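Worksheet for the structure shown next.
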Amino acid sequence: MRVEIWSDIACPWCYIGKARFEKGLAGFAHRDEVEVVHRSFELDPGRAKGDTAQVIDMLAQKYGRTREEARSMEANVAANAQAEGLGYLAEGRDHGSTFDIHRLLHLAKARGRQDELLSLAYRANFAEERSVYDDAVLLDLAVEAGLDADEARAVLADPEAYAAEVRADEQEASELGANAVPFFVLDRRYGISGGQPAEVFAQALEQAWKDRPLTAIGGDGAACDADGACEVPQAGGTV
């Protein structure tokens, strides 16, 4: 069974939702047969590289709130993160373009290290004083995740590297009707929006597993149809 997760590094509920999904998955009996694929979604796709702002200032401007109201909003998110055992800096974080992060995550996917890089990037952004909008930090995170430093550096230096893959993910999200993240798609049959409680993810995994289509094994063999007519195996064949 495949679970696809559209998310953005700048999204605190994606950070929290990932932890909650993993808790739901941990208790799922067939967890070893679940493939998790992370897909790209930019919350601020029009922001230019290098254009960063403090999160409190960004929230106040974006939602038309005072700085104190923005601080209260962040404190509420921090409480939810901490309840999941996650570190969270309610102030001092910056906000910027996540396009390069998503491009690097596609390199990590190609090298089988996507989840490792995503987890490190979330932690750096929300729990540590490390700006994921700095190429030097991104390169350090890539190496920590097990990627080759020269290969990661080359991707960051080339704005077209994996750009098409990021755009394809975002286009697919639009076609699926996802206009907010995190957005979870289970076997292309069920969609879950938002950082739901772990119990919701556990129930969804059970339901998706139960309803998954049967898989044919061994190709077409001799069989009897509903009218009782049975195929006769050819000489030398098997039943």
Side-chain angles (χ1 to χ4, degrees), residues 5-19 38-78 80-82 86-108 114 116-145 147 149 152-167 169-170 173 179-183 195:
I5 307 172
W6 274 263
S7 60
D8 192 11
I9 296 298
C11 166
W13 290 109
C14 296
Y15 175 49
I16 295 168
K18 182 177 186 293
H38 298 283
R39 298 201 178 277
S40 302
F41 190 106
E42 295 171 273
L43 290 175
D44 199 354
R47 186 175 285 269
K49 180 180 176 69
D51 178 12
T52 61
Q54 288 291 299
V55 166
I56 296 298
D57 295 333
M58 181 275 293
L59 290 173
Q61 181 178 9
K62 182 175 182 178
Y63 296 106
R65 304 292 183 88
T66 66
R67 285 179 57 82
E68 285 307 310
E69 288 172 329
R71 285 193 180 95
S72 179
M73 292 166 61
E74 275 291 274
N76 176 61
V77 178
N80 277 270
Q82 290 158 5
L86 300 172
Y88 195 95
L89 298 173
E91 290 199 52
R93 292 186 294 108
D94 53 5
H95 174 81
S97 169
T98 56
F99 189 59
D100 282 351
I101 305 171
H102 285 298
R103 294 193 303 108
L104 205 56
L105 282 166
H106 274 281
L107 167 65
Q114 187 186 44
E116 289 81 359
L117 179 57
L118 182 63
S119 295
L120 287 168
Y122 274 140
R123 189 175 70 192
N125 187 46
F126 291 105
E128 302 171 347
E129 295 183 1
R130 301 171 73 187
S131 175
V132 294
Y133 308 104
D134 183 310
D135 281 359
V137 172
L138 279 182
L139 183 58
D140 286 344
L141 293 173
V143 173
E144 287 177 48
L147 297 179
R153 188 180 293 108
V155 168
L156 291 172
D158 179 4
E160 293 305 312
Y162 293 101
E165 287 82 350
V166 175
R167 299 304 184 209
D169 277 357
E170 294 175 334
N179 54 17
V181 287
F183 186 67

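Keep in mind that this is a model prediction, so the values were computed, not measured.
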Using side-chain heavy atoms (C-beta onward) and a distance below 4.5 Å, is [X] in contact with [Y]?
X	Y	answer
Leu105	His38	no
Asn80	Tyr88	no
Met73	Tyr63	yes
Val77	Ile16	yes
Arg123	Leu120	yes

task = Only one of Ile9, Asp8, Val166, Val181 passes side-chain contact (heavy atoms from CB on, under 4.5 Å) with Ser40; say which it is.
result =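 Of all the options given, the one that passes is Val166.
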Ring-face cation contact, Phe99 with Arg47, 6.0 Å cut, 45° max =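 Because its charged atom misses either the 6.0 Å distance or the 45° angle limit, Arg47 does not stack over Phe99.
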key: Heavy-atom pair of closest approach, residues Leu117 and Ala108   =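 Closest heavy-atom pair between Leu117 and Ala108: CD2-CB, 3.9 Å.
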key: For the student: nearest non-hydrogen atoms of Cys11 and Cys14, plus distance   =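 Minimum heavy-atom contact is SG-SG, 2.7 Å.
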Is a donor on one side and an acceptor on the other found under 3.5 Å between the side chain of [X] and the backbone of [Y]?
X	Y	result
Arg65	Leu59	no
Arg71	Glu91	no
Asn76	Ser72	no

query = Does a donor on one side chain sit under 3.5 Å from an acceptor on the other, for Asp94 and Ser131?
reply =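 The criterion, which ignores hydrogens and geometry beyond distance, is satisfied for Ser131 and Asp94.
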request  = Return yes if a side-chain donor-acceptor contact under 3.5 Å exists between His102 and Asp169, otherwise no.
outcome  =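 There is no such pair between these side chains.
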message = Please verify the inter-ring angle class for Phe126 with Tyr15; under 30° counts as parallel, over 60° as perpendicular, anything in between as tilted.
response =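 Parallel: the ring planes of Phe126 and Tyr15 meet at under 30°.
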query = Parallel, tilted or perpendicular for His106 and Tyr162, by the 30°/60° rule?
reply =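 The rings of His106 and Tyr162 lie parallel, inter-plane angle below 30°.
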message = Using side-chain contact (heavy atoms from CB on, under 4.5 Å), reason through Val132 and Tyr122 one step at a time and then give a plain yes or no.
response = CA-CA 9 Å; Val132 294; Tyr122 274 140; over 6 Å; no
task = Taking atom CD of Gln61 as the centre, report whether more than 12 heavy atoms of other residues, nucleotides or ligands fall under 6.0 Å from it.
result =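 No, because the 6.0 Å sphere around CD of Gln61 holds 12 heavy atoms or fewer from other groups.
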ask   = Can you check side-chain contact (heavy atoms from CB on, under 4.5 Å) on Ile5 and Lys18, steps first, answer last?
value = CA-CA 9 Å; Ile5 307 172; Lys18 182 177 186 293; 5.9 Å; no
query = What's the verdict on side-chain contact (heavy atoms from CB on, under 4.5 Å) for Thr98 and Asp44, showing C-alpha distance, side-chain angles and the deciding distance?
reply = CA-CA 8 Å; Thr98 56; Asp44 199 354; over 6 Å; no
query = Is the shortest side-chain N to carboxylate O distance from Arg167 to Glu170 below 4.0 Å?
reply =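 So Arg167 pairs with Glu170 through a salt bridge.
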